[in-house]
Each structure stands twice: as C-alpha cells, then as structure tokens.
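Encoded as structure tokens, the structure appears first; notes follow it.
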Amino acid sequence: MSPGAPQFEVASVLREVKTVRVEGLVRIRELHVPLLRRASAAHSAAVTDAWPVEVENLLRTAVSRLGGGDLEQAAGYSLGLAPGLRDRPAADRRRLAAQVYSVSVERFRKSQEEMVLAQIAEQVCWLAGVAPQRAATPQPPLLAPHLQHRLLRVGSREVLLHVHPVELLRNVDVIVSPTNTHLSLPAMFKASVSASLRRAGAVRGSAGDVTADPVHDALLGWRTANGLLGRPALPGTVAPTEPGALAARGVRRLYHAAVAVPRPGTNDYDVAAQDVATAAARALALLSEEGAAFTPPLRSICFPLLGAGRGGLPPQTGVSALWAALDAGTDPDTELHLVVRRPLVADLLAETLGARERTLSAQALADTEEKGHRCG
C-alpha cells in the first residue's frame with residue numbers, strides 16, 4: 001500500500017459502517033466515508049460520480065459473504081439492503097434486525113448489533129485487501145472500461161463472462177431474460193435486465209421514437225396462446241419469443257424466465273434458488289427442443305444472474321443455483337455465456353464458482369465469436 005493510502009483497519013471501517021446504518025443508503029452521498037469509497041473504487045472499472053452505488057454494492061457483497069442465516073439477515077435489515085428497506089428510518093431497520101434474534105431493540109443495540117456490524121466491517125477489509133492483488137495482474141487494454149469479457153473454466157466447462165450492460169450483447173443466439181411469474185415486462189425506462197432487453201428490442205423511427213414494441217407484443221401473444229392472461233405462470237416457466245430489434249445484433253431468441261414471485265400488497269418480489277435452477281434447466285431444454293428448427297441451429301445461450309435484482313437473491317446464491325443446472329444439463333456443443341453489469345459482481349461470481357479465468361482482448365474475443373459462428 002502506498003504512503004498516505006487509507007488503512008483498512010476493522011475499527012476504522014466499522015465506524016463508517018455504523019454511519020451508513022444510522023443515515024441510511026439514500027444519504028450515502030452526503031456522508032464522509034473515505035474508507036468505504038476507497039474499498040469500493042478498488043473493485044470498480046473506473047472512479048465516477050456514481051461512487052455511492054459502488055459503496056452500496058460493496059456493502060451488499062460484504063453482507064452476502066456472511067454465510068446466510070440470522071447474521072446475514074440481520075445485517076441486511078440493519079443497513080437497509082433487504083428489499084423495500086433502503087429508505088426506512090434507522091429505528092425501523094434496527095427493530096427488524098432485533099426481531100431476527102428474538103430480542104428487544106435495546107438488547108440488540110447493546111449486544112448483537114455491534115457483532116453484526118463488525119462482521120460487515122471484517123468482510124469490507126478482506127475485500128479491500130484482495131482487490132489490489134487482482135488489479136496487479138497484467139491486463140490487456142480494453143476498448144472501454146465498462147466492456148470486458150473473461151473466459152472462465154469451471155471444472156471441465158468453459159463459459160464466456162460478459163461484464164457490461166445486457167443490451168450490448170451481440171452474436172449470441174439466445175438471451176435469457178428474468179421476469180415475474182405474471183410474465184409482465186417492466187417499462188422501458190427501468191434499469192432491470194428485462195426492461196433493458198425490451199428497450200433494446202424496440203423498433204424506432206428516424207427520430208429515435210418507439211414505433212413498435214415487439215418483445216412485449218410477442219410475450220403477450222405467448223401468454224394468450226398458453227392461457228396465462230389474468231393468472232400467473234408457475235415459477236420456473238420459460239417463454240420463448242422473437243428478439244425484436246435485437247436481431248440486428250445477432251440475437252435470435254429471448255427466453256423469458258419466470259423466477260420472481262410478486263409479494264402481495266407490496267412492490268417487492270420473492271425468488272427461490274430452486275426456481276432459478278428450474279428456469280435454467282428449462283431454458284437449456286428449450287434450446288435443445290427448438291434449436292434444430294433454426295438455420296443455422298441455435299447453439300449459444302447467455303444467462304444473467306436470475307433473481308439478483310429486485311428479487312434480492314444474493315449473487316453467490318443465484319450463481320450457485322444457476323450453475324448447478326448449467327453444469328448438469330448443458331449439451332457439450334452448447335456455448336455458455338454469462339452477463340453481469342459490474343466488475344465487482346464478476347469477481348464475486350468467478351470466486352464463487354472457483355473458476356480459472358483470463359480477460360480476453362478485443363481481438364481474442366472477435367476470434368472466439370468468429371470461430372463460434374463458423375461452427376454454427
């Protein structure tokens with residue numbers, strides 16, 4: 001560590017974690033949290049004005065490493081990382097965390113809360129410590145810091161990991177789009193994977209205005225044909241549709257995977273790891289069933305982390321469930337792709353899978369894609 005660089009000591013980081021607990025996620029930009037900023041920047045492709053999001057993602061990763069159970073749940077409540085809590089007052093979040101341990105709020109404040117927050121600080125220090133080691137590995141130059149590709153080897157399988165927005169994918173036959181069990185797409189201006197794919201699949205006029213919404217229309221048609229208007233599908237259902245304008249980028253199908261179950265009376269969702277595995281297995285089966293009907297046959301498929309957005313499924317849990325299905329059910333000739341938006345999540349994904357990896361240069365990626373299409 002260079003002279004003058006922040007020292008990631010647990011006690012110092014803990015003070016900043018406590019500040020976030022009191023003020024809440026929605027006020028991170030107003031807080032003096034230099035150690036959390038430094039730790040999050042170490043995992044980012046670039047330092048930008050979006051540092052509060054980087055800090056939040058760092059805290060989410062730290063909490064996801066607590067091993068589940070009461071500790072992880074109480075940590076998520078304390079910092080407002082659980083669905084629907086990011087803008088709740090500190091007193092409400094403390095009360096919910098105390099309920100996890102079945103103790104009074106005052107007893108929790110004096111005992112378990114210190115332990116919970118200290119465990120988060122320990123994980124932040126660990127993440128801050130390993131990030132420089134990763135950064136020290138020589139990397140080829142990238143066309144843009146937000147556009148990366150890493151070739152992972154997990155066991156005997158290879159998978160190409162895309163680290164960029166999902167709408168920048170190209171020349172992948174099938175993209176899996178996570179959605180809710182009502183198969184209802186979010187508005188185009190939303191930030192989710194399904195909203196991004198709907199937006200990218202829209203047909204636009206010369207002025208950029210949307211003239212057709214083919215992904216939405218195709219999914220509505222599938223629901224109608226399968227008797228699912230007005231009632232939800234079973235979790236794990238996969239609905240295939242045309243890709244709309246994404247066809248111009250070499251995408252030939254969208255598979256809408258119903259994994260998020262709406263929680264009645266709220267804007268939140270529940271996602272079960274088993275439903276993620278079921279949807280992934282169904283997507284692979286569908287690729288096998290309909291692939292030969294296309295010319296050339298469908299042979300490549302890309303998965304995001306199903307349920308990791310509004311569904312609140314921790315990335316480690318989501319990718320473990322996803323990979324369990326992919327490892328067991330993927331045809332040897334199928335090209336597997338994964339896509340995540342942020343380098344921090346990509347690092348966590350590779351670590352969870354125990355993957356050996358290397359970053360591909362732009363030329364190596366082009367060679368890989370060209371080889372894939374020749375084989376197709």
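Here the structure is a predicted model, which is why all the values come from computation and not from measurement.
- Taking the side chain as every heavy atom from C-beta outward, Tyr77 and Arg88 never approach each other to under 4.5 Å.
- Proximity of Arg342 to Asn57: side-chain heavy atoms (C-beta onward) are separated by under 4.5 Å at one or more points.
- Shown here for Ala283 and Tyr255, the closest heavy-atom pair between the two residues is O-CE1, 3.5 Å.
- Residues Ala191 and Ser196 come closest through the heavy atom pair O-OG, 4.0 Å.
- Note that CG of Asp331 is 8.5 Å distant from CG of Leu287, once rounded to the nearest 0.5 Å.
- Side-chain contact check for Leu117 versus Arg21: some heavy-atom pair is nearer than 4.5 Å.
- The closest donor-acceptor contact from the side chain of Thr224 to the backbone of Leu220 lies under 3.5 Å.
- Hydrophobic clustering (side-chain heavy atoms under 4.5 Å, transitive across Ile, Leu, Val, Met, Phe, Trp, Tyr) groups Leu25 together with Leu31.
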Side chain to side chain contact (heavy atoms under 4.5 Å, CB included) between Leu151 and Val159, worked out: CA-CA 6 Å; Leu151 186 63; Val159 56; over 6 Å; no
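- Heavy atoms only, all atoms of each residue included: Thr179 and Ser184 are closest at OG1-O, 3.8 Å.
- The distance from atom CG of Leu349 to atom CH2 of Trp323, rounded to the nearest 0.5 Å, is 9.0 Å.
- Interatomic distance, Glu113 CD to Glu106 CD, rounded to the nearest 0.5 Å: 10.0 Å.
- The residues Arg86 and Glu56 are annotated as salt-bridged, a charged nitrogen and a carboxylate oxygen being separated by less than 4.0 angstrom.
- Side chain of Thr181 to backbone of Leu234: no donor-acceptor contact under 3.5 angstrom is found.
- A heavy-atom distance below 4.5 Å is found between the side chains of Ser78 and Phe108.
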From CA spacing to verdict: side chain to side chain contact (heavy atoms under 4.5 Å, CB included), Tyr269, Leu313: CA-CA 10 Å; Tyr269 297 88; Leu313 200 65; over 6 Å; no
Candidate pair His149 and His337, rule side chain to side chain contact (heavy atoms under 4.5 Å, CB included), full reasoning: CA-CA 10 Å; His149 302 87; His337 298 249; over 6 Å; no
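- Separation of atoms CZ (Arg249) and CG (Leu168) is listed at 6.0 Å; rounding is to 0.5 Å.
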Step-by-step side chain to side chain contact (heavy atoms under 4.5 Å, CB included) determination, Leu305 to Val345: CA-CA 10 Å; Leu305 288 181; Val345 178; 3.7 Å; yes
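- Considering every non-hydrogen atom in both Gly236 and Arg282, the closest pair reads O-CB, 4.0 Å.
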Worked verdict on Ser194 versus His256 for side chain to side chain donor-acceptor pair (under 3.5 Å): CA-CA 8 Å; Ser194 54; His256 304 270; over 6 Å; no
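- Residue Trp222 is grouped with residue Leu246 when hydrophobic side chains (ILVMFWY) are merged at heavy-atom distances under 4.5 angstrom, including chains of intermediate members.
- Linking ILVMFWY side-chain heavy atoms closer than 4.5 Å, directly or via other members, places Val17 and Met115 in a single hydrophobic cluster.
- The backbone N or O of Leu81 lies less than 3.5 Å from a partner atom in the side chain of Arg60, making a donor-acceptor pair.
- From Asp70, atom CG reaches atom CD of Gln73 across 6.5 Å, with rounding to the nearest 0.5 Å.
- Exactly one of Glu122, Glu351, Glu72 qualifies for a salt bridge (Lys or Arg N to Asp or Glu O under 4.0 Å) with Arg65. That residue is Glu351.
- Heavy-atom neighbours of Arg107 CZ from other residues, nucleotides or ligands within 6.0 Å: at or below the threshold of 12.
- Under a hydrophobic clustering in which Ile, Leu, Val, Met, Phe, Trp and Tyr are joined whenever their side-chain heavy atoms come within less than 4.5 Å, directly or via other members, Val210 and Leu254 fall into different clusters.
- The only member of Leu298, Asp173, Ile301 that meets side chain to side chain contact (heavy atoms under 4.5 Å, CB included) when paired with Arg253 is Leu298.
- For the atom pair CD (Gln119) and CG (Leu14), the distance works out to 10.5 Å, reported to the nearest 0.5 Å.
- Ion pair Asp217/Arg198 not flagged as a salt bridge, since none of the NZ, NE, NH1 or NH2 atoms sits closer than 4.0 Å to an Asp/Glu carboxylate oxygen.
- Between Leu127 and Ala62, the shortest heavy-atom distance links the atoms CD1-N, 4.0 Å.
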Residues Arg15, Ser12; criterion side chain to side chain donor-acceptor pair (under 3.5 Å); working and verdict: CA-CA 5 Å; Arg15 285 193 290 271; Ser12 299; 3.2 Å; yes
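- Put simply, Val53 and Val63 are part of two different groups of oily side chains (I, L, V, M, F, W, Y) that touch within less than 4.5 Å, one to the next.
- Using a 4.5 Å heavy-atom threshold, the side chains of Asn180 and Val261 count as separate.
- For the pair Arg157 and Thr330, the minimum side-chain heavy-atom distance is below 4.5 Å.
- With contacts defined as side-chain heavy-atom distances shorter than 4.5 Å, the pair Val33/Arg38 does not qualify.
- Taking each heavy atom of Val20 and Leu36 in turn, the nearest pair found is CG2-CD1, 3.9 Å.
- Side-chain contact between Arg252 and Val174 is absent, with no heavy-atom pair separated by less than 4.5 Å.
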